[in-house]
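Before any comments, here is the structure.
Please read all numbers here as calculations on a predicted model, not as lab measurements. Just follow the structure's listing: the first ligand is 1, and inside any ligand the first atom is 1.
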Amino acid sequence: MQQNQHAPANDQDREGWAASGRDILRRVRDVMATGEAAQDRLDRVTRIIADEMRADVCSIYVRRAGDVLELFASKGLSAEAVHQTRLRVGEGIVGHVAAEARPFALADAPSHPKFAYRPETGEEKYHSMMGVPILRGGRIMGVVAVQNKDERDFTNAEVEILETVSMIVAEIIAAGGVVRRKEQTPVDGLATKPLRLDGVKLCQGLAMGRAVLHRPEISADHMVAEDSETEKQRLDEAMSSMHSNLDNMLKNMTKHDKGGDHIEILQAYRMIAEDRGWVRKINEAIDTGLTAEGAVVRVQNENRARMNHVSDPYIRERLLDLEDLAYRLLQHLAGEADIEERNKNLPEYTIIVARNMGPAELLDYDLEKVQGIVLEEGSSTAHVAIVARALNIPIIGRVPRILTRVEPYDRLIVDGNNAICFVRPGEEFRRTFKISMDMHKEKQAAYARDRLLPPVTLDGKRITLNMNAGLLIDLPHLHETGASGIGLYRTEVPFMVRSSFPNVEEQAKIYRSVYDQSEGKPVIFRSLDIGGDKVLPYFNEENEENPAMGWRAIRVGIDRPAMLRQQLRAMILAADGHPLKIMFPMIAETSELLKARQALDAELTRAKKRGIPLPSNLEVGIMFEVPSLAFQMDSLLPHIDFISVGTNDLMQFFFASDRGNPRLDNRYDPLNPGFMKMLKMVADKCNEHGKTISVCGEIAGNPVFAMALIGIGIRSLSMSPWSIGPVRSMVRSLDTSELKHFMSSVLDVGDHSLKNRLLAFAKDHHIQF
Ligand code: PEP
Ligand code: MG
């Protein structure tokens, strides 16, 4: 927990400190009861801490606007320094604690390179120092620091006590008007100003409504316990009620659903709710004198601090699940199994605003009322995003500090298509947005009506429009959109939401469900594309410096043939004598495909020997994602039936531009003539060899890009379900012969992108977007 010298507490120490921790908490609670002004309370708290912890100095720094930490109260430092001394977050030991959001203890602080000397404080005579962050709702509100003249080590127990007390300090700061509202938030925040906040698109769509902050809060006077045993009993009861509530939720879902990965997500979540380490930590926090609620928040704070330092997406998801469970537990402690009550009071049009939330928490809301979600964190693989996508609720993720910039019931607009959240938009803007929303709805309805219209161009060319999928809950969209089939089934997605590697039978079960729910429409199963950003927790290889170009996808399959063969076996079993289409990801040279095919042949031979029905028709393809393959088409094509272009990866390798780096987001364009030229070269080769070429990267779902792809001879596209309608409408208004000539004429221009030329062409030729 600490980063430097500290002495672990032995049991006796721990007991002793727990007792003194309880004393501090009681004394601090009494301060809360005085009704004094916040400044007086904080002054008193510093005296109590210094006294109980035998410290020469105790100081409270409060975070102010512009990331400045102001010395707000101090016992021991010179009185003139109070309200004068300021440190930036990251500056000095105190600033470091705030920047890292975790405790820091040093036996000799002045000799540490981070130490920032402030002459007005008179602190040069103090050597040892310990600082802990003041955290509230995942936000740093300041720092509490203690100092001693002698060089001493601090025990973990002491750090823990100070962390616990700092929770109450956080409440005093929040409740006491210590920091003016304006200062609690970024300078551009709050007030009543309208704001435009940009985030990351997690699920498309438009929504408008009132903000509901997903943030149960407990007040400071509910933090200090009268009696620890009673609190432990309350915790037990709340835990059991939470468990049975989750069980019911699972039961209901399994009853109403055909089954699917979202249920698996909930099952994994239900298991985490039993996590012994978590329950033990909460009980230990109760031992320090906190109420059950206080203890839950305490452990939650610790988790959040850990989260700041974890980059592994799977562990982050687990920590988020724990955070979600903590909120749920708080609700049960508050006797607030009255989720129904909350739902009753939800605004008719609700936009949930959360730091993050778990899938179960989303399902607790009245989904009739939830129009959109805005998260401070979240990624496209976050469980809540996966579930929301299936429910078709627009979500924007990674919107900076949204929770501090929005007040309950503020008006919000969620533009999920452009990943923008408008906070407190003016009346005129709302009216205009409402018109676009209505038009969007009308368009969606029109697309749904047109789903059975053939995607055939004006000059009679049929374009195959397939859908990309990765979870069973995606599959109903196959019929709603009129997609021809699934052009890319990402098999790694169900692997990612599990806690262990599924065996052959479990895998076969997933693929069987895909077959069942696609009702005869063709499905292309892609073999595991793990590695890179797709991490399986139970397949933990060492960290790679450059994972996107590392040991991933087919490279793993070739080096771990048993894994690849098991997956192929499961696919053959699931096909059960029906047609089977398989493709291999990240093929960089023909010989890799040959190795993958050998594994497939071995599995076919095995199946035959055992009397397992063989696929009535087998098609094998590869993902073209690595540019090297463009020059091996003649050796490759005779061995495969189709190519699917993964432009997401291909772009990053073609332009040497990391697809996950936001700074490079729009740096290079798929409509760059060079990129298009390479695709045309590959498409020509495929057409020459009579092999299908399709595109399944994100660009296939953008009507302008899709038009360009058709213009260079590609006749099959696979995209997210909501893109099929717009692309179908574009296809039906297009004449490919004119477009073909146009595309050929522009492939050698020196433009950054052909987009403007294509838009002008589309306008001249009345092509509909
Ligand atoms: C791609 O790279 O374009 C692709 C479709 O694969 P993924 O996005 O799953 O890497
Ligand atoms: Mg890819």
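- For an aromatic pair to be called close, the ring centres must be under 6.0 Å apart, and Phe525 with Tyr515 satisfies this.
- Side-chain N/O atoms of Asn418 and Asp415 include a donor and acceptor closer than 3.5 Å.
- For the residue pair Gln652 / Asp649, a side-chain donor-acceptor distance below 3.5 Å is found, with atom types taken as modelled.
- Using cut-offs of 30° and 60° on the angle between ring planes, the pair Tyr511 and Tyr489 is perpendicular.
- Atom OD2 is the N, O or S atom of Asp649 at the shortest distance from the Mg ion (ligand 2).
- Shown here for Val374 and Val399, the closest heavy-atom pair between the two residues is CG1-CG2, 3.6 Å.
- Ser720 and Asn468 share no donor-acceptor pair across their side chains, judged by distance under 3.5 Å alone.
- Here the N, O or S atom of Glu625 that is nearest to the Mg ion (ligand 2) is OE2.
- For Lys691, the NZ atom counts as densely surrounded, since its 6.0 Å shell holds more than 12 non-hydrogen atoms of other residues, nucleotides or ligands.
- The protein residues lying under 4.0 angstrom from ligand 1, judged by non-hydrogen atoms, are Leu488, Arg490, Arg526, Asp529, Lys534, Met623, Glu625, Gly646, Thr647, Asn648, Asp649, Arg659, Cys696, Gly697.
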